[in-house]
Every structure is written in C-alpha cells, then in structure tokens.
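Notes for the one structure printed next.
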Amino acid sequence: MLDPAYIREHPDAVRRGARRKGIAFDVDRLLALDEERRRLTRLQEEARAEQKALGRQVATLAGPSRAQVLEHLAGLKARVQAHTEDLERVTTELDALLLACPNPPDEDAPDGPDEGANVELRRWGEVRDLGFAARDHVELMTGLGMLEVERAGRLAGSRSYVLKGPGALLEQAVLRLAQDVIVARGFVLLSVPVLVKEWTLRGTAYFPGAEEQTYRIANPTSDDEPYWLVGTSEVSVTALHGGEILDAAQLPLRYAGVSTCFRREAGTYGKDTRGVYRVHQFQKVEQVVVDVADDARSLAHHAAILDNAEEVLRRLELPYRVMAVAAGDLGRGARYKVDLEAWMPGRQAFGETHSATRFGDYQARRLNLRYRDTDGRVRFCHTLNNTVVASPRVLVALVEAHQQPDGSVRIPTALRPYLGGLEAIRAP
RNA sequence: GGAGGGAUGGCCGAGCGGUCGAAGGCACCGGUCUUGAAAACCGGCGUGCCCGAAAGGGUACCGGGGGUUCGAAUCCCUCUCCCUCCGCCA
C-alpha cells in the first residue's frame, strides 16, 4: 500500500509506475474517492461534535426543554447515520483501490513487460560441457533410488513427489547447510506457522490477487475467517511484528523462516510438468529483514541477502547467473527484485532458485508494522526478503550439475559433513 | 469433546450507561535539589483520521465485528485469543 498523501501529491509518479509494471490502475478514481472521503469525514465529525455536546446537556435538563433537545438529537442521529453510511461505501471502494495500487518500481529496474526483459547482471561459476549426454534429475534420481514420482502421484496427484533414501537425506543436508549459513550471518531462525489468517497474506501483498494460487482451509467455527496455507514463510515471518511499534534501537530484525510451502500452481497446466521443478509442496528457508525507512540501508540489506543466497549456491558449487527482474515482472508489491538462476543441465537452461525483493514500506503499511524513530516520530518500516534455499528445486540443479558419466552424483565438499562424509551417491 | 474464567494505554491495574482518552502505580523523558549519582519533589508521557502555515481544534479507538440507547470501556449478540478443570491424543 502507498501513502494516500503521497498518491495525492505525486499522481504522475504513481501512474508512471503502474504503466511500467503493465498494471492497469485508475489513479483518478482513487483521487476522487480520497477527496470524497475527506469531505464526508468533515461532515460526519461536525455532526458528531454537535451530537456529543447536546447529549451531555440532556442529563441536566428536564421537562419540555429536555423533550425539545431529544427531538433535535433524533434528527442529528439520522444525519450522522447517513454520513456514516456514505463514508462506509466510499471507504470500502477506496480501500480496495489502495490495496490494488501498485508500488512504483525503482528506476534501476529494467523496463520490459515480462521475464523476457530481465537483465543479466553477472555470473558465477562455469557452465561447462559435461562431455556426455546429460541426464535430467528425474532419470538420475530415480536411477539412484532417490525419488518416486509415479507412486507419489497415486498418493497426492500431479506435481507431487516422494524423496527416498539418499534423496530425502540430501534434502535435509541442503536445508541444514542453508540454515547454518544464514545463522552464521546473524539471522535468527524461526520455525513458523504454515496455516495462517488472511490478514497476513493481505499484509504481505499476496492478497488480493493470489487467492487462486493459495490453498484455503475452512474454519469450522467461522466461515467468515478461513485459514490459508502459506506459499512461503515470508508471510508468517514478515507479519510476525504486524501492528507493533518497534523501537528503532532493536532494528534491523534479521529473521530466517523454515517451513513447508504450499502452492496450487493453478493455471500452470503443462508448464514444467516433469519432475520436481514445479510442485505443490516444498521446503524452504527464507530470509526476511525489517528495518527503518531508509533507502540506503535497504539497498545495503538487499546486497547482503543476495550474497547470503549466493553463498549457498557457491557452497553447493552450482553455477548461476544474477538477473535484474523487469518492471513488468515485479508484481504489485516489489520496488526492485533480483533473481538467482542456477544452471540445470537437464533443461539446458538456467532455472530460478532465489528471488531477492525490496519492498520499501509497501508491506509494512499493510501490516501496520512501524517503529519509533530516534526523533520520536512513528514511521513505517522497510521490509525485504530472499530465499536461502528451496527444495526440491535446488536438488534439480544439484544432481544434474554434479552427475557423473556412470549416472552417479558427486556430493559437493561443503555438503559432506551433513551426509556422514558421503562423497557420491551411487546406484544401489 | 465437556464445564468455567478472562482480554483496558510500554507493563501492572481501577473504572455507578453521560462530565472517561480513561484513576493509581511502574517504566521512560525533562526539570529542581546534589561535587556526581540515588532518593525526594515538579512537569511531561498513546495511535489513526479530518481542519489548520503553525499554535491548536475536532473525531475515532478500552481484543475484532454487530446491536440496544439521545449517549456505551460500562448492557446484549457474535468471533478471535489467553487461562483453569475433566476427557481424548501425538
């Protein structure tokens, strides 16, 4: 959400931001409603002030004068009621527009309508020819007894999987490595709820918009308040301090959430259907930073959380490229986003494994997440987040990049301590 | 699953349906006193929105939503959360 006062004062910046993101948005309608809201507020509050003053007199009056005042008050009550109803109607539409209003992208974000316009910033590692026909992760992992896809389908349908034996152990090893990296860098690990209330999803800017991508769980005692399964622990972690006024001295908060993530992947039929690249349920370690509203500090945090993620890929010895995400692919909330894409020989392509996002105060406003600044003023925080590691997608890159001619998979050195020193996974 | 109790400002804790944004205490900030500190004393000390250049004024908020009333922190309904006891269970 943007500051209504900011939209009022910089309507052109908001219009231009929406245009760059390719999101149709009616700024004029929002401004008109904002104007109307203020007009009605004034009328309603004036009537209330009179009502309050007269109401206080009622107690001291008796007889005809009391009856007269009561009669006048009845008229006032009707006026207040009418204004309140008008105000409610206007506020409902205005709030919906405010929630939908896109955060203008940073000037640094490349122009372009979709991911095809993403700009490569740099690369790490060498994408080298394996020297033999690359197998993809399904073939490799199935052959090594790491993965069951067909039986998993009987259990849970499409886009499900069973990690098995060395596959399951490898996943745990990767998750643990990622947690150790992020904790060593000063982040506090949080094991968080995956079943959450709706405000957390609105607050993190997933709703309205991503309802169809999210699993909804009926609440047996209240149909009005369903629960939802998070698609990322970013939701639970960022919303953790929602509604609070933090002390500037305790910022920045550096958190890493660990959780299972759930995504319906509606509308992706036929896309990435093979293997475990795109699935309904996966494990992820996610980093979140909450700090004061200072652009320079946000930029520094963004660089830091990006490096944290790169450190994980480097330790896994996975070549990757760093992509600045185009304005049209940022979504409504992000100001700036950088994706990391690891090389996946089975696809002969880079595949997205991380996504580092800077929101400014867009999420914080929705979450009512604030802090008291050193000057005593209350301000909205800035928030950022990035993946630390997500499995099983990272396993796709891992087994494909480290496959050997005989179908075995070499374990990168950094991962061996988590696997009892295992150097390679070989066919049983 | 059954029975009961509770939710008030950063914390604790009062609050006959009107003069309650809300007593009191703690914490915090400023001042007096002191060589300095402590103690004592004096003062300040919530958030949003509206009007205003500002000073300031208005309005809303006592877990959320709805209702009764001229008027609700106080009465009624409902939801959420917390606690106690019984039952069941990882």
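Values reported hereafter were calculated over all heavy atoms of this structure, with side chains retained and with hydrogens, waters and symmetry mates removed. In this text, all values refer to a predicted model and were calculated from it rather than measured experimentally. Lettering follows sequence order; numbering is per chain, from 1.
- In terms of position along RNA chain B, the nucleotide closest to G55(A) lies nearer the 5' end than the nucleotide closest to the other residue of the pair G55(A) and R370(A).
- Residue contacts for V378(A): at a heavy-atom cut-off of 4.0 Å it reaches the sugar-phosphate backbone alone, with no base atom in range.
- Ionic pairing of R89(A) and E93(A) is not present here: no N-O contact between side-chain nitrogen and carboxylate oxygen is shorter than 4.0 angstrom.
- Between Q68(A) atom CD and C70(B) atom P there is a gap of 17 Å when expressed in whole angstrom units.
- Positionally, the nearest nucleotide of RNA chain B for R372(A) lies more toward the 5' end than for the other of R372(A) and K197(A).
- In summary, R15(A) and D28(A) engage in a salt bridge, as defined by a charged side-chain N under 4.0 Å from a carboxylate O.
- Taking the C1' atoms as reference points, G24(B) lies 11 Å from G15(B), given to the whole Å.
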Quick one: the dot-bracket string of RNA chain B, using Watson-Crick and G-U wobble pairs with both distances under 3.5 Å, [ ] for crossing pairs and | for bases paired to another strand. ((((((((.[[[..)..(.....]]].(((((.......))))).((((((....)))))).[[[[[..)....]]]]])))))))....

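- Aromatic rings from F207(A) and W228(A) are positioned such that their centres are separated by under 6.0 Å.
- Nucleotides A7(B) and G13(B) have their C1' atoms positioned 13 Å apart, rounded to a whole Å.
- For A73(B) and C61(B), the C1' atoms lie 11 Å apart once the distance is rounded to whole Å.
- Distance noted for atom C1' between G30(B) and C45(B): 10 Å (whole Å).
- The C1' atoms of U19(B) and G71(B) are separated by 13 Å, rounded to the nearest whole Å.
- Electrostatic pairing of R314(A) and D307(A) counts as a salt bridge here, judged by a charged N lying under 4.0 Å from a carboxylate O.
- Here E311(A) pairs with R315(A) in a salt bridge; the nearest charged N to carboxylate O distance falls below 4.0 Å.
- A salt bridge between R8(A) and E35(A) is absent, with no side-chain N of the basic residue lying under 4.0 Å from a carboxylate O of the acidic one.
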Protein-to-nucleotide contact annotation, 5' to 3' order, nucleotides 49-69 of chain B [B base; S sugar-phosphate only; - none; under 4.0 Å, heavy atom]: BSS------BSS---------

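- Heavy atoms of other residues, nucleotides or ligands lying less than 6.0 angstrom from CD of Q68(A) number 12 at most.
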ring-ring contact (aromatic ring centres under 6.0 Å, His included) assessment of Y336(A) paired with H302(A): CA-CA 9 Å; Y336(A) 186 70; H302(A) 192 261; 5.6 Å; yes

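- Environment of CD in E115(A): sparse, with no more than 12 heavy atoms of neighbouring residues, nucleotides or ligands closer than 6.0 Å.
- Between G43(B) and A23(B), the distance separating the two P atoms is 15 Å to the nearest Å.
- Rounded to whole Å, the separation between the P atoms of A37(B) and G44(B) comes to 23 Å.
- Spacing between A53(B) and U68(B) at atom P, rounded to whole Å, works out to 40 Å.
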